[in-house]
Structures are given as C-alpha cells and as structure tokens.
Amino acid sequence: MKKSKKFLYDGLLLTATALIMRTVGVVFNAYVSDHIGESGMGLFTLVMSVYTFAVTFATSGINLAATRLTAEAMGHGNEREIRDAMKRCIVYSLFFGTVGGIGLFGGSHFFGAVLMGDARTVPSLRLLAFGLPFLSISSALNGYFTAVRRVAKYAVCQFFEQICKIIFTMFGFSLFLPMGLEYGCLALVGASMISECLSFLLALLLYLIDLARHNHRSGNRQKGLTKKLCGIALPVAVSAYFRSGLVTAEHMLIPWGLKRSGATSDAALASYGVIQGMVLPVVLYPSAFLNAFSSLLVPEFAEEIASGKRRRTEHIATKAIGATLLFSIGVAGIMMSYADVLGQLIYKSAESGFYIRVLSALVPVMYLDGIVDGMLKGMGYQFYSMVVNIIDALLSLILVFILVPRMGVIGYVITIFVGEIVNYALSISKLLVHMKVDLKLKDRVLKPMLSVVGATTLGHILFSFVEVHPWLQMAACLCMYIILLFCTFSISKADIAWIKGIICKKGGKVQLRHRLHRQRDVYQSLHF
C-alpha cells in the first residue's frame, strides 16, 4: 500500500473507530445508568474526575513523545534508534505510571473522603491505582503504532478494551451491585482497571511482533535520546497537569456546591451524574461525524498556510466555518426538538431529556470551537490554544465555586455555557484578527435555523398521523433539513464541489496521490 493511500486509510480508520467507540460508550452509559441509577452515575463520574488527573500524570505526554521519536528514527532510516527510543519511552511510562499509582492509592482517602466528601469513592480510587502503570505503557505503545502507521493495531486494542470492560462490568454487577451503590461503583471501576491491563497485554504482544520487523543492528546508537524524550514530553505534561488539575477541582466542587445549595448527598450526585455522565456524551456524540472533515481540513489548512496562499486559507476558513454551522445548527435543532424522546430512549430519564434540550442550544458553539481550535493549530498558535483552555478551566472553577452553592444545578449549567462561550470567543477572535473570514450569517445561521425549525415542525405534523420509530423520525427530519438547505440556497453546488475537493482535486489519480502525500507530511509536522 502506497504511503499516500496508507495515510488516507489510517485517517478513515481512526474516524470510524472514534465513531464506533463513541456509539458503544453512549450505549454502555445507558446500560450502567439503568443499573446503578443517576446517583450511581454521579458517584462513578466523581471517581473518574480524580482518576482523569491521575491518568494525566501517569502518561505525562508520553504518547506524543513516543510518536515523534519513533517517526524521527524512521525518517533517519535508523532501526536501532527505534528500539532505543521505545526502551526509554517504556521506562519513562513505567516510572510516571508507578508514581501516579502510588500517589493515587496513598492519597485516595484525602481525595475521596476529604476533598470530595464521600468516603464511598475511596475503595474505587485505590483499585484504579493498580492499573495506572499498565495504562501509561499502553499510551507509549499506541504512540509507536501511530508513528509506524499501524493504527489498525491501536484500533484493535481499543475495541478489545471496550469489549472486556462491558463483559466484566456485567459480571461485576451481577455479583456486587446487590450489596449497595458503593460496591456497584467498585465493580464498574474494577472492570475498567482489568480491561486496561488486558488491553496492555494485547498491545505489548502486538508491539513485540511488530518490533521484529526492525533489525536492531541496522543504524547507529543515537546520543541524547533521553534528553530529547524529556524535552518533548515534559512541557506537554506540565501544561496538561495544570489544566487537568483545574478541571478535576471543578468537578469535585460541583457535588459540594449542590449540597451547599440544599440538595441531599444522593440528590447532588444524581444531578451531577445526569449532566456529566449522561447528557454531555449524548450532546457531543454527533461531533464524531466532524472528525473525518476536520482531520482532512487541518492538513489542508496548514499546507496552504505554509505555501503563503493567504486568500486560499481565508476561503478554506470561510467554507469550514460555514459547513460546521450548517451541521451543528441542524443537530441542535433536531436534538432540541426530540430531547424528551432521546432522554427516554437512551436513559429512560425525563431529567436527562430536559438537560439535553437545554445544552443542545450550546451545540453550535461547542462544535465550532473544535474547528477553530484546529485552524489555530494549523497557523502555529498551539500555545495560545493551550492558554485559552486553561483560562476556560480556571473561569469554570471560579463560577462553580460562586454559582452552584447559590443556584444549585442551574448554576452548573450556567458555568458550562459561560465557559464554552468564552473559550470560543477567545479562539474565534484570534482567528479573525489574523484571517479575513466571510461568515455570511444570513446563509449560514438565519436560513439554517429556519430550515431546521421547518423540518422538525413538518416532521411532528407528519408523524402525528403515521406511527414511526423515533430514530426514523429524527432521520427523516435530518433529510428534510438538508432538502430545505438546498431550497433556501444555504448549500450550493460550489459548496459540494469544495468538500469533494478536500479529498480529491481535479487532475486524476496521479495528482490525488501527490496531494495526499503532501498533506501527510504537513499533518506529521503539525501533529509532532
């Protein structure tokens, strides 16, 4: 398989993997919430908020470092350097994973009973600590698979881990859930820990098999690999520590604030679990469909920037933002119209349906922020994006501390809105300062809003006479929305031609191969 075709294949495979994994994740969340309830979801989400920070420390930027060091060694044609680099990456992972595990185990009482105010989280945190070294090494191995273009093996490990997690969760629930909510949460995190360890063993086996392809005697030993490893991983790690720490602190404050507002402990956990563990995964699910678009858009954008084609980059920015607006407004409108149905279909919860409707209004902002963030990275403003994310996390922490004790769960919803809007405002303002973008608000905002209102209204009228499954109703509304976009000239033939042009420009297969080859090189330089 030629490198250009391999690049395209890998991109599509990762996109399909992300979509399938997100689907499985939503279905799995529905299964878990049905068994442990909203309070159990809140307890589990609370545990995972602390665990996420521990994972950030355990990995400490190793995935990026392993990818870059391996890719550079391949570029040098030095087989020995690949092995030497990966040995250092594995030792680095083992060190940070072990320290992270010891820290989480030793500090579990402080994190759970003192900071979160719920001693039921302590056993779960202690159990999760044992899996951190394995998870950290897996992160390094997955970085290797990415660098050597074996993303299929990375995808296999992800699928295997998810399947194991589901199987062990079902088994654990049958044994421990009757003993109480604490033990149900313990079964859930135990299944997660075991699946991570098994996924590590599979990744290690695939790595050793793949490594046999590289002749360890080919090439010379390179000096300074350890220094280079730390130079790549540690700056990424430090910034990740800071942002993850702020996010973890925010999540620990939410149940505390809800209890201060007058809610009982279980009610506070239930409200937190509904929004964070149930609603947000549904609201963010459709963004998986943007992954294919954005993964091809970013190298396209970066390539034109590198070529100095300013007008071309402005054209791409305009089209990308316009396409995202059309998609996100349609998603928001349909999700808002069918929020109650989604809440009942997925979680059998009226409360989750209410918050799906509320947060669906934020969908265009969330989805646009991801696209704009990719553009800024393509322009070389990675540090600015990192600063914006830290500002977002810090602002959210402050708002949670101020609003939630006074306003309850509404204060948390306001915090989500303010944080997302501020993040997007800072990002889009940076883009507009350096790029002239014609937003065409009439065609990209007003007409799509009228179209989605028309599509959902027609859908409700039609399906009041004909009984159709809700999923098919939403699909029909989506089709009507697309038709109305064409009728209102929100989508033109030029727009369709541009989208096709991202993947294949005129000039035949030869030109396509050369273009994909150039995009691959730009993507590598951007990612690394």
Side-chain angles (χ1 to χ4, degrees), residues 42 45 49 243 246-258 260-261 263 268 270-287 290 321 324-325 327-340 342-343 349-373 385 387-432 439 441 444-446 448-449 452-453:
T45 307
S49 67
R243 184 173 188 273
L246 290 173
V247 172
T248 300
E250 174 196 344
H251 284 265
M252 288 193 296
L253 278 177
I254 292 168
W256 169 84
L258 291 173
R260 289 287 297 270
S261 69
S271 298
Y272 173 65
V274 166
I275 294 177
Q276 196 66 37
M278 298 164 63
V279 172
L280 283 176
V282 173
V283 171
L284 294 175
Y285 171 81
S287 65
L290 289 174
I321 291 175
T324 305
L325 278 169
F327 176 79
S328 60
I329 289 173
V331 168
I334 295 172
M335 192 175 289
M336 188 177 296
S337 181
Y338 285 89
D340 294 333
L342 287 170
S349 167
E351 187 178 6
S352 65
F354 171 76
Y355 288 114
I356 288 173
R357 175 170 287 110
V358 172
L359 291 177
S360 63
L362 202 55
V363 162
V365 174
M366 290 178 171
Y367 292 10
L368 278 171
D369 185 53
I371 292 293
V372 173
D373 188 64
S385 296
V387 171
V388 168
N389 288 330
I390 291 175
I391 291 173
D392 175 14
L394 183 59
L395 176 61
S396 297
L397 177 64
I398 294 172
L399 289 176
V400 164
F401 183 77
I402 295 174
L403 297 180
V404 176
R406 293 169 174 79
M407 304 176 66
V409 69
I410 299 301
Y412 179 41
V413 173
I414 293 173
T415 298
I416 295 174
F417 270 82
V418 174
E420 291 290 343
I421 291 172
V422 169
N423 192 315
Y424 173 67
L426 292 174
S427 298
I428 192 66
S429 62
K430 183 71 171 180
L431 180 69
L432 294 178
L439 296 178
L441 296 180
R444 302 310 190 202
V445 177
L446 180 59
M449 289 177 66
V452 77
V453 169

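Here, residue 1 is the first one in the sequence, and each next residue gets the next number. What's counted below: heavy atoms across the whole structure, side chains too, no hydrogens, waters or symmetry copies.
- Within the 4.5 Å cutoff, the side chain of I321 has no heavy atoms near those of the R444 side chain.
- Residues passing the side chain to side chain contact (heavy atoms under 4.5 Å, CB included) test with L432, sequence neighbours excluded: I428, V437.
- Here the CG atom belonging to L284 is positioned 9.5 Å from the CG atom belonging to L362, to the nearest 0.5 angstrom.
- In this structure, the side chains of L403 and T415 come closer than 4.5 Å at one or more pairs of heavy atoms.
- Across every non-hydrogen atom of V409 and S271, the tightest pair is CG2-CB, 4.2 Å.
- Summarising the local packing, CE of M336 is surrounded by more than 12 heavy atoms from other residues, nucleotides or ligands at distances under 6.0 Å.
- Every residue two or more places apart in sequence or in another chain that forms a side chain to side chain contact (heavy atoms under 4.5 Å, CB included) with V453 is listed here: T457.
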Which pairs would a plain distance check flag for residues 390-397, meaning a side-chain donor or acceptor within less than 3.5 Å of a matching protein atom at least two apart in sequence or in another chain?
unit_1: D392; atom_1: OD1; unit_2: S396; atom_2: OG; d: 3.3
unit_1: D392; atom_1: OD2; unit_2: N423; atom_2: ND2; d: 3.1
unit_1: S396; atom_1: OG; unit_2: D392; atom_2: O; d: 2.9

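- When each of I414, I421, I416 is paired with V418, the side-chain contact (heavy atoms from CB on, under 4.5 Å) condition holds for I414 and for no other.
- Counting only residues at least two apart or on different chains, the ring-ring contact (aromatic ring centres under 6.0 Å, His included) pairs with a member in residues 389-420 are W256-F401.
- Two residues are said to be in side-chain contact when any heavy atoms from C-beta on lie closer than 4.5 Å; I275 and L359 meet this criterion.
- Evaluation of the side chain to side chain contact (heavy atoms under 4.5 Å, CB included) rule for S337 yields T456, H460 as partners, not counting sequence neighbours.
- Residue pairs meeting the salt bridge (charged side-chain N to carboxylate O under 4.0 Å, His left out) criterion with at least one partner in residues 356-367, sequence neighbours excluded, are D340-R357.
- For R243, the side-chain hydrogen bond (donor to acceptor under 3.5 Å, both in side chains) test picks out no residue, with sequence neighbours left out.
- Going from atom CZ of F327 over to atom CD1 of I371 covers 10.0 Å, rounded to the nearest 0.5 Å.
- Taking every heavy atom of both residues into account, V445 and I329 meet most closely at CA-CD1, 3.8 Å.
- Closest of all the heavy-atom pairs between L280 and M366 is CD2-CE, 4.2 Å.
- With sequence neighbours excluded, no residue satisfies side-chain hydrogen bond (donor to acceptor under 3.5 Å, both in side chains) with Y424.
- Scanning all heavy atoms of the two residues, the minimum distance from S349 to S352 falls at O-OG, 2.8 Å.
- Of all heavy-atom pairs spanning A339 and I356, the tightest one is CB-CG2, 3.9 Å.
- With sequence neighbours left out, the side chain to side chain contact (heavy atoms under 4.5 Å, CB included) criterion links S328 to V363, P364, Y367.
- Between S261 and G408, the shortest heavy-atom distance links the atoms OG-CA, 3.7 Å.
- Judged purely by atom type and a 3.5 angstrom limit, T248 uses its side chain to pair as donor or acceptor with the backbone of S49.
- Residues L441 and L446 have side chains not in contact (no heavy-atom distance under 4.5 Å, counting atoms from C-beta outward).
- For Y355, there are no ring-ring contact (aromatic ring centres under 6.0 Å, His included) partners at least two apart in sequence or on another chain.
- With rounding to the nearest 0.5 Å, the separation of CG in L426 from CG in N389 is 10.0 Å.
- Residues in residues 398-424 take part in no salt bridge (charged side-chain N to carboxylate O under 4.0 Å, His left out) pair, two or more places apart or across chains.
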